[in-house]
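Structure first, then comments.
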Amino acid sequence: MSIVEVNHLTKKYGTTEVLKDINLEIYQGEVFGFVGHNGAGKSTFIHTITGITNKSAGSFKIMGISDSQLNHAKKRIGVMPDVSNLYENMKGLNFLRYMGKLAGDKRSKPELKTLMKEVGLEDAAQKKIKSYSFGMKKKICIAQALLGNPDLIILDEPTSGIDPESTINIRDLVIKLKEEGKTVFLTSHNLDEIDKVSDRVGILSDGEIKKLGTPRQLKEGIAAGVTISVRTKPILQKNDIQKLSEKMNTDIIFMEAKKDYTLLQVPSEEDLPEVSKEIIQSDVHLYEMKVEERSLEDVFMNA
Amino acid sequence: MIHILSREFLDSFKSVRSILIILFITFVSYQSATFIDSNPGLIQEIVKIGGEEGTVYTAAIALIVLILGFLFVFATSHDLINKEIELKTIRLLVTKTSRMQIMVGKFLGTLLFWVATITISFAVIFIISGSWFLKDYFHSFVFLFYIVSFVVLVSTVFTKSKLTMFLGILFGIALPILGLASAVSSKWYLVPFKYLLPYRYLEGSIGLMFVPIIIGVIYLLISVFIMQRKDL
């Protein structure tokens, strides 16, 4: 069942099209990751489907409720805003109480403190938000998105700018939300993060969805070729690879030479025995050769 | 909406400006009422020339509302809407509730603050005179309803709070002058102010006193319409 259904959604600022004819379905209970560079339109997409900005064309439905009736769905959506949108002069706990009331959340003060503890803000309840660090502000934004027990949780860059431990906590939180049957929509620059938690991923570029699918599907779908890392002494350089390519009469692409290994791309796995044989027969000592896993980064770079 | 209303209402009491204005209005009301109360001859003289006893007691507060009302409300609430837009905190609110409810909640919260302020002054007058002058109280309410809705409109149309602060001072000085002048003059260039501003309606029948409320509601509807179309 679709919890978000977007049809031909377009958003223009003046003559600039920031979102171009977006079509997307997000299913109940899935974690959907949206990846894109700065200015790709990720935040505009979130702002449009949450009513912060008005669409220019197209339509969308959230939990079956059309965009013209979006106000009826708001209590069931938890939106993590940008940290700059917080009431800086409010104390953390008071902020959550106020936002909780607006979200129809009946939690008591101790329960809200428990929520703050869950996101790692146990000692910050009575401190003003303006005294919070960037990471703490991120955390209170996440806590705020969870108020009212929403069915759909939208997290805009939840892990950017925060420490590794908190990143792991947020990842665990997203997994926990998924286990509870919630639908999570998150955007991130951290492709590794998206890869770890998302059931499906959309790659947004210049306001268009360039790729859409499970992380596995996307990785399998990028340009043919196998990336391998080769550890040799001395290390193989670009000209060595060119010679190898000519000798084998195959397209072997030199990608980069790092401290003690070289990254190459060969047309297929069938070429690997021949490549290893040729390297062994050359003047270098081969210590290790392994096929590199494709990452979402490769997909993103190919999008 | 009720939560936005109550937050707006309670926050209004937290600023130094608001507290000073409450103290000023209460102090002037108290001083004028005690002065009138200690000079009963003055009341009789005014009643003789057709004035009402209540008007004598509430003259000071009426003058403050009529002449300084715009200035005071702009001073405390000129950024009622645009500050939330500037600071982008409104984005938090619109993800939880409708824009209409935000606007109405803010309007009612601010209006309630001003109603509470004049209620304190009328209570002071009641303690001294022994009467609650309902008609004058309703006059003040109507006037404040009009002013607060006008402030909401200005704060919605102009998105920079510095500009609305400047406009607030300008309107606070110019509108009472234009309003009072248009109420007694028939010069053509004052005619729009005569009908748009609330001054002329306050001295007519009870029915006329609802006209500023209707104009205020129109201002609010325009504000909501503008807000619905804004990208926040």
Side-chain angles (χ1 to χ4, degrees), chain A residues 11-14 18-19 43-44 46-56 62 68-90 94-105 129-130 137 140-141 144-145 147-148 150 152-156, chain B residues 1-19 76-77 79-110 112 156-157 159-161 221 223-232:
Chain A
K11 175 64 190 171
K12 285 181 187 174
Y13 288 108
V18 183
L19 295 177
S43 294
T44 305
I46 290 178
H47 291 170
T48 309
I49 64 164
T50 54
I52 293 172
T53 56
N54 295 304
K55 63 180 183 174
S56 303
I62 293 186
S68 59
Q69 302 293 314
L70 184 62
N71 290 327
H72 298 298
K74 283 180 178 175
K75 293 265 189 293
R76 295 171 64 193
I77 311 171
V79 185
M80 177 201 170
D82 190 82
V83 292
S84 64
N85 302 347
L86 294 166
Y87 288 101
E88 297 265 330
N89 283 319
M90 282 178 120
N94 290 345
F95 170 72
L96 288 184
R97 279 185 75 194
Y98 178 51
M99 296 313 295
K101 282 176 187 169
L102 292 176
D105 192 295
I129 293 173
K130 66 180 170 192
K137 285 179 182 175
I140 202 158
C141 285
Q144 184 274 141
L147 293 167
L152 169 65
I153 297 137
I154 298 174
L155 306 172
D156 194 3
Chain B
M1 184 176 73
I2 190 77
H3 306 299
I4 294 175
L5 183 158
S6 59
R7 179 168 180 263
E8 204 60 53
F9 175 67
L10 295 173
D11 277 4
S12 298
F13 288 98
K14 289 178 186 167
S15 86
V16 177
R17 258 180 292 186
S18 306
I19 291 166
T76 55
S77 309
D79 56 0
L80 188 63
I81 307 295
N82 58 20
K83 190 179 177 189
E84 295 258 17
I85 297 172
E86 270 184 342
L87 296 176
K88 295 183 178 172
T89 48
I90 199 150
R91 289 180 174 182
L92 278 173
L93 302 181
V94 295
T95 60
K96 302 273 183 235
T97 188
S98 72
R99 296 180 186 209
M100 168 100 140
Q101 294 206 357
I102 295 168
M103 298 292 280
V104 175
K106 284 185 158 286
F107 165 76
L108 290 177
T110 309
L112 201 60
T156 309
V157 171
T159 50
K160 301 278 177 217
S161 59
L221 291 173
S223 306
V224 171
F225 178 75
I226 293 168
M227 184 55 110
Q228 301 278 24
R229 298 175 67 86
K230 267 188 200 295
D231 284 333
L232 302 170

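Each chain gets a letter, A, B and so on, in the order the sequences are listed, and its residues count up from 1. The figures that follow rest on heavy atoms only: side chains count, while hydrogens, waters and symmetry mates do not.
- Listed by chain and number, the residues in a salt bridge (charged side-chain N to carboxylate O under 4.0 Å, His left out) with R76(A) are D151(A) (sequence neighbours excluded).
- Applying side-chain contact (heavy atoms from CB on, under 4.5 Å) to R91(B) and the options T50(A), I52(A), V79(A) leaves one that passes, I52(A).
- Neither the backbone nor the side chain of I2(B) has a heavy atom closer than 4.5 Å to any heavy atom of chain A.
- Residue contact with chain B, scored on non-hydrogen atoms closer than 4.5 Å, involves the backbone and the side chain of Q144(A) alike.
- Nearest heavy atom pair, residue D231(B) against residue K11(A), reads OD2-NZ, 2.7 Å.
- Residue F225(B) places its CZ atom among 12 or fewer non-hydrogen atoms of other residues, nucleotides or ligands, all under 6.0 Å distant.
- Between atom CD1 of residue I77(A) and atom OG1 of residue T95(B) there is a gap of 8.5 Å, rounded to the nearest 0.5 Å.
- Looking at H72(A), neither its backbone nor its side chain comes within 4.5 Å of chain B, counting heavy atoms on both sides.
- By the 6.0 Å contact criterion, NZ on K75(A) is enclosed, its count of non-hydrogen atoms from other residues, nucleotides or ligands being greater than 12.
- Summarising the geometry, atom CG belonging to L93(B) is positioned 10.0 Å from atom CG belonging to N85(A); distances are rounded to the nearest 0.5 Å.
- Residues of residues 99-110 of chain B that come closer than 4.5 Å to chain A, counting heavy atoms only, are R99(B), ordered by residue number.
- Not counting sequence neighbours, the partners of Y87(A) by the side chain to side chain donor-acceptor pair (under 3.5 Å) test are E84(B).
- Heavy-atom distances place both the backbone and the side chain of L92(B) under 4.5 Å from chain A.
- Contact annotation for N71(A): only side-chain heavy atoms (C-beta onward) come within less than 4.5 Å of a heavy atom of chain B.
- Shown are M1(B), R7(B), K96(B); of these, the side-chain contact (heavy atoms from CB on, under 4.5 Å) with L102(A) is made only by K96(B).
- In this structure, K230(B) places its NZ atom where more than 12 heavy-atom neighbours from other residues, nucleotides or ligands lie under 6.0 Å away.
- M80(A) does not touch chain B: none of its heavy atoms, backbone or side chain, sits under 4.5 Å away.
- With sequence neighbours left out, D79(B) forms a side chain to side chain donor-acceptor pair (under 3.5 Å) with no residue at all.
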